[in-house]
Amino acid sequence: MTAPTTVIPAPPAAAPPVSPPPLLWGHVARRCVLAPVVVLAPLLAVAPARDHRFNVYWYGGMFRHDPAAIVSHTIASRDAYLRLGDFRPLGRMLEKSLDLLAFTGMQELGLPATVTLRAVSIGAAVLLTLAAVLFAESVLTRGRLFDGTPSRVALLLPYAVAAGFVASGPDSTTLLFGGLYLTSAALVLTVAAAACRLDRLRWWNGVLAVTAGAALAMFNEPAYFAVPLATAAVLIRGRFVLGLSGRELLTSAGVRFAGLLWAGFLPAFGTVRWIIRGLCARGGCYPGSDLALDERSVLLLPVRMVAWLPPLQWRAATAATPGDWLRGVVPVVALLLLGVLAARTLSVLPKAGAPAARPLLGLAALSVVVMVCGALPATLSVAVRVAMSGRQLWEQGWRDTALTVPGGMLLVVALLVLAGRRATVGALAALALLGAVSATANRAYAEGVAVQPAAQLDNRIAAAMAAFERGPAGDARRCALVDEVLTANRNKPYLQRTYRQSLDTAARALAGVPFCERTR
């Protein structure tokens with residue numbers, strides 16, 4: 001008799017561990033830093049203009065040893081600014097803090113304030129690029145924001161936004177108050193992103209929303225648009241991305257959060273505007289805040305909505321540059337650097353998420369809202385109408401480009417990704433090329449400014465302040481610079497006084513002596 005045999009099946013082979021989807025957020029973050037730096041680096045040595053010539057020394061010297069005094073100093077001066085119709089205390093605190101940062105960098109690194117001031121503006125451009133990516137992903141993503149891979153929009157957007165940072169005239173935010181206005185635009189996008197990501201409204205979220213709304217009303221003009229943009233963002237995302245019904249949408253946490261933002265914003269904004277209207281009824285207030293609403297506004301709005309386009313900005317940046325401004329080392333180096341970054345992005349592009357058509361259409365619609373919010377201040381501004389006319393309205397940058405650049409580029413990227421992967425690959429190469437040309441246009445603008453006597457004088461003052469030379473010889477050289485300032489501004493007593501006071505304040509903070517010890 002034979003015993004039956006039992007065949008024991010071999011245990012199934014262990015399945016290979018499934019690796020989580022590759023996380024590309026570090027890749028995106030590095031491009032948000034590197035792409036703007038490449039495009040804006042040619043502007044590092046451009047001399048400051050307007051109030052920047054004084055503020056970096058004035059506020060830097062004033063608050064170098066007591067940064068907390070920025071708060072008390074701003075509060076103490078609130079009545080004066082309110083009477084001028086220019087009430088934005090939180091924005092002024094940020095502005096003074098950025099000037100202090102540039103001044104501290106000058107003192108600690110031994111670099112001229114012109115360089116550290118531009119470095120602060122570049123840092124703000126990086127912050128805005130990061131905020132634009134965060135905003136786009138907050139709209140497109142249904143689940144937790146950083147659990148999966150970023151979308152193709154996030155991979156392309158850093159190159160696109162960086163390409164829009166062009167020195168399109170002296171009032172462009174890449175040159176004038178860039179730290180303040182680019183940071184303000186980043187704040188606007190971040191508030192809207194936060195409203196999109198809120199899935200449950202807790203009591204402290206409500207308190208935060210009301211407080212934030214009131215704070216935005218006292219920040220500055222660009223920050224006012226954070227509230228309407230947050231409202232549009234939660235409504236459009238709810239319909240196009242989440243597919244909520246009308247009732248579900250109106251009772252959602254994001255819409256209620258936006259409503260509480262309005263509840264904090266409107267009383268503060270209305271009270272301040274009512275006070276300013278009474279104080280400024282007889283004139284004498286800050287003309288930069290004057291607004292005009294007429295039939296021309298309807299025509300100006302679409303013009304300013306497209307003034308962010310790089311080819312238009314290139315013309316403004318290179319208007320004073322003779323010859324072929326595209327030649328030289330800068331375009332080659334910039335294209336090489338951006339090309340290397342883009343090549344790596346191309347290799348990881350298949351791993352990125354591909355948003356569906358409906359969310360992309362919603363994002364495109366929302367980007368138009370961003371562009372409208374950005375363009376409205378310039379459309380209504382009397383100062384813009386006085387300073388710009390004709391072609392300048394299409395090409396010159398102003399405060400509005402801080403928001404129209406990310407809004408416009410977001411529209412372009414959303415439509416390119418919607419067109420399919422093949423269009424996305426071609427768009428990546430085109431955006432890298434656009435960035436290289438923008439860097440070259442910035443180089444051309446910097447060369448045009450470098451030959452101006454006023455800019456040369458401000459650069460020499462910055463060099464003397466950075467390498468403060470003690471003793472009679474150093475004082476004599478600094479006094480010669482003061483003489484040049486007084487001569488160049490012979491019929492401008494305000495500028496003469498402001499130059500001397502700001503330089504003396506900075507010199508006392510650095511060395512305990514006036515900038516020029518000789519009395520006149």
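Once rounded to the nearest 0.5 Å, the distance linking OG1 of T404 with CG of D400 reads 5.0 Å. T129 contributes atom OG1, which lies 8.0 Å from atom CG of L157 (distance to the nearest 0.5 angstrom). In this structure, S121 OG and L175 CG are separated by 8.5 Å, a value rounded to the nearest 0.5 Å. The CD1 atom of I70 sits 9.0 Å away from atom CG of D99, with the distance rounded to the nearest 0.5 Å. In this structure, CG in L416 is found 7.0 Å from CG in L431, a value given to the nearest 0.5 Å. Put simply, OG on S168 and CH2 on W398 are 13.0 Å apart, with the number rounded to the nearest 0.5 Å.
Here the closest non-hydrogen pair linking A185 and L403 is CB-CD1, 3.9 Å. Considering all non-hydrogen atoms of both residues, L393 and V303 come closest at O-CG1, 3.4 Å. The heavy-atom pair separating V234 from A258 by the smallest distance is CG2-CB, 4.3 Å. Residues P158 and A154 come closest through the heavy atom pair CD-O, 3.0 Å. Minimum heavy-atom separation, V28 to P150: CG2-CG, 3.9 Å. When all heavy atoms of Y181 and P222 are compared, the pair lying nearest together is CD2-CG, 3.7 Å.
With no hydrogens or angles considered, no side-chain donor-acceptor pair links T149 and K351 at under 3.5 Å. Between the side chains of W262 and T231, at least one donor N or O lies within less than 3.5 Å of an accepting N or O. There is no side-chain donor-acceptor pair under 3.5 Å between S172 and Q396. Side chain to side chain, R443 and T318 fail the donor-acceptor criterion of an N or O pair below 3.5 Å.
Under a 3.5 Å cut-off, the side chain of R239 and the backbone N or O of L244 do form a donor-acceptor pair. Checked by atom type and distance alone, the side chain of S381 never pairs as donor or acceptor with a backbone atom of A378 at under 3.5 Å. With hydrogens and angles disregarded, no donor-acceptor distance shorter than 3.5 Å links the side chain of E395 to the backbone of Q392. Listed for the E248 side chain is a donor-acceptor partner under 3.5 Å among the backbone atoms of S245. No donor-acceptor pair closer than 3.5 Å links the side chain of R304 to the backbone N or O of M371. Here the side chain of N442 pairs a donor or acceptor atom with the backbone of A167 at under 3.5 angstrom. A donor-acceptor pair is defined here as one N or O able to donate and one able to accept, closer than 3.5 Å; such a pair exists between the side chain of H52 and the backbone of F177. Formation of a donor-acceptor pair under 3.5 Å by the R237 side chain with backbone atoms of C196 is found in this model. Judged by distance alone, the side chain of S72 and the main-chain N or O of A69 form a donor-acceptor pair under 3.5 Å. Judged purely by atom type and a 3.5 angstrom limit, T116 uses its side chain to pair as donor or acceptor with the backbone of A102.
Under the 4.5 Å side-chain criterion, counting only non-hydrogen atoms from C-beta, T183 is not in contact with L187. Within the 4.5 Å cutoff, the side chain of L261 has heavy atoms near those of the F257 side chain. The closest side-chain heavy-atom distance from Y81 to R92 is below 4.5 Å. L130 is not listed as a side-chain neighbour of L134, based on a closest heavy-atom distance of 4.5 Å or more. Using a 4.5 Å heavy-atom threshold, the side chains of L94 and K96 count as separate. Between R78 and P89 there is no side-chain heavy-atom pair separated by less than 4.5 Å. Residues V370 and L411 form no side-chain contact, since every pair of their non-hydrogen atoms from C-beta on lies 4.5 Å or further apart. The side-chain heavy atoms of V272 and F87, taken from C-beta on, include a pair separated by under 4.5 Å.
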Criterion salt bridge (charged side-chain N to carboxylate O under 4.0 Å, His left out) on D199 and R197, from CA distance to verdict: CA-CA 6 Å; D199 56 0; R197 301 313 303 172; over 6 Å; no
I would like to know whether L301 and M305 meet side chain to side chain contact (heavy atoms under 4.5 Å, CB included); could you show each step before the answer? CA-CA 6 Å; L301 181 60; M305 285 177 64; 4.0 Å; yes
**Q.** Step-by-step side chain to side chain contact (heavy atoms under 4.5 Å, CB included) determination, W314 to T440
**A.** CA-CA 9 Å; W314 296 338; T440 310; over 6 Å; no
Going through the distances and angles, do F135 and L366 end up as a side chain to side chain contact (heavy atoms under 4.5 Å, CB included)?
CA-CA 10 Å; F135 173 71; L366 188 54; 3.3 Å; yes
- [ ] Take R200 and S252 through the test side chain to side chain donor-acceptor pair (under 3.5 Å) and record every step on the way to the result.
- [x] CA-CA 8 Å; R200 181 183 173 188; S252 65; over 6 Å; no
Q: Could you give me the CA-CA distance, side-chain angles and deciding distance for R30 and L341, then say whether side chain to side chain contact (heavy atoms under 4.5 Å, CB included) is met?
A: CA-CA 9 Å; R30 287 189 293 273; L341 295 175; over 6 Å; no
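Taking a 6.0 Å sphere around CZ of R202, one finds it holds more than 12 heavy atoms contributed by other residues, nucleotides or ligands. Around atom CZ of R344, no more than 12 heavy atoms belonging to other residues, nucleotides or ligands sit under 6.0 Å away.
Screening V133, L182, V188, L128 against P406 for a side-chain contact (heavy atoms from CB on, under 4.5 Å) leaves a single residue, L128. If you run side-chain contact (heavy atoms from CB on, under 4.5 Å) between T401 and each of D171, T173, T174, V166, only T173 comes through.
Because its NZ or CZ atom is not both nearer than 6.0 Å to the ring centre of Y159 and within 45° of the ring axis, R31 does not count as a cation-pi partner of that residue.
The aromatic rings of Y224 and F269 stand perpendicular to each other, their planes meeting at an angle above 60°, with 30° marking the opposite boundary.
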